[in-house]
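For reference, the structure discussed in these notes is given below.
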Amino acid sequence: MTKFVFVTGGVVSSLGKGIASASLAALLESRGLKVTLIKLDPYLNVDPGTMSPFQHGEVFVTNDGAETDLDLGHYERFIETRMKKANNFTTGQIYKSVLEKERRGDYLGKTVQVIPHVTNEIQDFVKRGAGVGTSEAVDVAIAEIGGTVGDIESLPFLEAVRQLSLRLGPNNSAFVHLTYVPYIAAAGELKTKPTQHTVQKLREIGIQPDALLCRADRVIPDDERDKISLFTNVPMWGVISMPDVDTIYKVPRVLHEQGLDGLICDKLRLHSPPANLKRWDKLVDEVLHPATTVRIAMVGKYVDLSDSYKSLNEALRHAGMKNHARVDISYIDSETLTPETVAQLAEFDAVLVPGGFGKRGVEGKIEAARFARESKVPYLGICLGMQVATIEFARHVAGLAQANSTEFEPDGPQPVIALITEWKDADGSIKTRDHNSDLGGTMRLGAQSSDVTPGSLAHSIYGDVVTERHRHRYEANVAYLDQLRAAGLVISALTQREHLTEIVELPQSVHPWYMGVQFHPEFNSTPWNGHPLFNAFIKAALDHQAQRPASQGDGASA
Ligand code: GLN
């Protein structure tokens with residue numbers, strides 16, 4: 001039977017509920033249990049696919065092509081189970097499903113209400129995420145409820161999991177509440193009042209937490225833990241101190257030392273061997289003791305919010321660990337890059353242009369790709385970064401001076417990047433279309449496989465077949481591929497089904513390491529072995545650093 005742990009949050013957001021949930025999952029997994037994680041998002045958007053990365057951070061893409069909350073990225077980096085569409089749902093999806101049932105007449109004329117119809121729907125979605133009733137059912141499903149207790153919009157979720165806990169019966173579910181214990185400098189004290197209040201709020205709706213994860217900028221002393229325990233009715237051993245740590249990969253160890261996994265297993269009557277954290281300790285040691293530093297310029301648009309590139313940042317760091325290097329990422333706003341300013345990239349060991357949407361800042365990204373190609377600086381272009389590399393090559397090497405993507409210039413004369421429907425136009429002319437009419441609808445999403453050309457740089461990394469996840473609409477236009485090839489661009493991977501361009505690169509006789517990929521390899525990176533593409537990119541950056549004259553500054557001193 002699948003058991004559940006419900007993780008709620010109090011006081012303020014951004015305390016790291018996703019990391020805490022993932023860490024608990026990792027601890028249970030290390031005890032030999034089959035575990036999964038589910039994220040419940042209280043907003044009305046059906047999925048985060050159409051939400052701005054400035055507001056919402058990265059959109060994480062699963063193998064089965066769901067556009068999900070970035071917490072699912074943490075989940076996949078912390079546990080072995082892979083996430084699917086069912087592992088993340090929103091209020092929007094719940095209502096959509098309830099309203100569809102209502103229209104079909106499934107409710108047999110009853111008045112459709114938040115309780116029980118919406119709350120039942122939520123319970124069904126939670127059970128589906130845990131694989132209940134299928135061969136994929138897990139031992140423990142950890143369901144993280146987005147938002148903070150006290151928000152109007154998360155109420156139906158809390159009510160639903162309270163009911164689900166009742167229905168599951170005693171010892172089949174546990175509640176973990178993440179709270180904040182601020183340190184007030186003027187008083188020189190840690191304050192427990194917000195925690196008292198948030199737990200009161202939770203108990204008001206009938207939920208008594210089994211454990212409190214108390215976030216603070218420091219370790220919470222026993223006196224304060226005792227006070228929290230008394231006021232919240234959580235036994236002292238369930239009041240767990242979660243201080244700031246220098247790497248997120250320390251969190252499983254911090255929780256384990258205070259017995260969180262033991263407490264949960266006791267409550268759920270799960271008999272399992274003790275947690276084994278050897279590989280986590282090794283990982284933390286690798287993060288904290290790098291042999292050198294490598295400096296990467298990330299040229300993008302959403303540079304103000306590092307959450308926009310969460311998986312990418314992590315993938316670079318994982319590859320750093322693999323190469324025993326600390327990865328120092330400088331975010332460069334592509335709107336500031338012009339032919340006059342682009343030489344600033346010379347101080348970096350490699351250039352990366354990440355994915356993105358829309359015209360803003362694109363010319364700066366093209367400048368960055370040009371600089372990297374001409375100066376022989378290692379370059380990795382991801383999705384849009386591959387498209388700008390292709391446009392740059394077309395303009396400055398293949399003689400297609402007006403090359404562009406129809407995303408930025410719908411009626412441009414040389415659409416080297418375009419929607420498939422556009423490059424299929426028989427007479428060769430590009431018809432104007434409404435580029436925004438199908439937001440969220442026509443993306444190439446999820447995992448797809450491609451054949452890799454033997455002898456290419458991509459082949460040395462991936463071997464014969466590459467399978468990675470996608471999230472984009474535009475493709476390299478097949479009408480220009482011969483011309484690009486003739487000018488020296490290597491198209492080193494094509495999708496197996498539709499022969500779409502997956503990887504472009506420069507021959508290693510021309511450039512030491514230059515590659516653009518149409519997919520998002522960052523979604524498949526884990527801290528354990530890094531990801532082969534990022535490992536190779538960071539290695540190329542270190543090689544470039546070693547070969548540069550010392551006057552240009554070596555990253556090791558940074
Ligand atoms: N805007 C581009 C497209 O839709 C690239 C998308 C991306 O980088 N994820 O094809």
Side-chain angles (χ1 to χ4, degrees), residues 47-54 56-62 65-68 70 73 298-303 305 307-313 315 331 334-335 351-366 368-369 379-392 394 403-410 412 415-424 430 433-448 450 468-478 480 495 498 500-504 515-525 533:
D47 64 45
T50 53
M51 288 161 84
S52 161
F54 285 116
H56 189 267
E58 165 185 285
V59 174
F60 186 78
V61 181
T62 57
E67 297 177 278
T68 71
L70 57 77
M298 199 192 287
V299 180
K301 180 167 75 161
Y302 309 117
V303 287
L305 181 67
D307 264 4
S308 316
Y309 302 119
K310 196 94 222 172
S311 295
L312 191 47
N313 295 337
Y331 301 96
S334 58
E335 282 189 291
V351 173
L352 190 153
V353 176
F357 292 84
K359 190 181 164 96
R360 192 151 69 75
V362 160
E363 288 301 320
K365 294 177 195 179
I366 293 173
Y379 175 89
L380 176 59
I382 293 179
C383 209
L384 181 64
M386 172 268 196
Q387 297 174 358
V388 300
T390 306
I391 295 167
E392 190 282 316
N404 212 338
S405 164
T406 55
E407 182 177 8
F408 319 126
E409 194 185 0
V416 296
I417 307 290
L419 299 172
I420 302 182
T421 46
E422 290 171 330
W423 45 264
K424 274 190 180 154
I430 301 302
R433 53 179 69 241
D434 177 3
H435 288 261
N436 291 319
S437 61
D438 47 13
L439 270 187
T442 56
M443 295 257 202
R444 177 146 79 105
L445 283 166
Q448 283 171 22
S450 294
E468 296 278 14
R469 304 182 201 179
H470 296 75
R471 180 172 183 254
H472 67 107
R473 290 192 186 81
Y474 295 81
E475 305 280 355
N477 189 342
V478 74
Y480 292 92
T495 60
E498 286 159 312
L500 301 168
T501 300
E502 281 280 88
I503 306 182
V504 301
M515 190 184 271
V517 297
Q518 187 59 80
F519 45 76
H520 288 272
E522 66 272 26
F523 296 141
N524 272 325
S525 178
L533 180 56

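Just so it is clear, the structure is predicted and the values come from calculations on it, not from any experiment. Order of listing sets the numbers, starting from 1, for every ligand and every atom in it.
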Which residues share a salt bridge (Lys or Arg N to Asp or Glu O under 4.0 Å) with Arg471, sequence neighbours left out
Glu67
Sub-4.5 Å side-chain heavy-atom contact between Tyr379 and Val353:
yes
Parallel, tilted or perpendicular, judged at 30° and 60°: which one describes the rings of Tyr331 and Tyr309?
parallel
With the side chain counted from C-beta on, respond yes when Glu502 and His470 share a heavy-atom pair under 4.5 Å apart, and no when they do not.
yes
So do the side chains of Arg444 and Gln518 get within less than 4.5 Å of each other, counting heavy atoms only?
yes
Is there a side-chain contact between Leu500 and Ile420 in this structure, where contact means two heavy atoms from C-beta onward sitting under 4.5 Å apart?
yes
I'd like a table of the close N/O pairs between ligand 1 and the protein (anything under 3.5 Å), one pair per line with both atom names and the distance.
{"residue": "ligand 1", "atom": "1 (N)", "partner": "Gly356", "partner atom": "O", "Å": "2.9"}
{"residue": "ligand 1", "atom": "1 (N)", "partner": "Glu407", "partner atom": "OE1", "Å": "2.7"}
{"residue": "ligand 1", "atom": "1 (N)", "partner": "Glu407", "partner atom": "OE2", "Å": "3.0"}
{"residue": "ligand 1", "atom": "4 (O)", "partner": "Arg473", "partner atom": "N", "Å": "3.0"}
{"residue": "ligand 1", "atom": "8 (O)", "partner": "Gly356", "partner atom": "N", "Å": "2.9"}
{"residue": "ligand 1", "atom": "8 (O)", "partner": "Gly356", "partner atom": "O", "Å": "3.4"}
{"residue": "ligand 1", "atom": "8 (O)", "partner": "Leu384", "partner atom": "N", "Å": "3.0"}
{"residue": "ligand 1", "atom": "9 (N)", "partner": "Arg471", "partner atom": "O", "Å": "2.9"}
{"residue": "ligand 1", "atom": "9 (N)", "partner": "His520", "partner atom": "NE2", "Å": "3.2"}
{"residue": "ligand 1", "atom": "10 (O)", "partner": "Gln387", "partner atom": "NE2", "Å": "3.1"}
{"residue": "ligand 1", "atom": "10 (O)", "partner": "Arg473", "partner atom": "N", "Å": "3.1"}
{"residue": "ligand 1", "atom": "10 (O)", "partner": "Tyr474", "partner atom": "N", "Å": "2.8"}

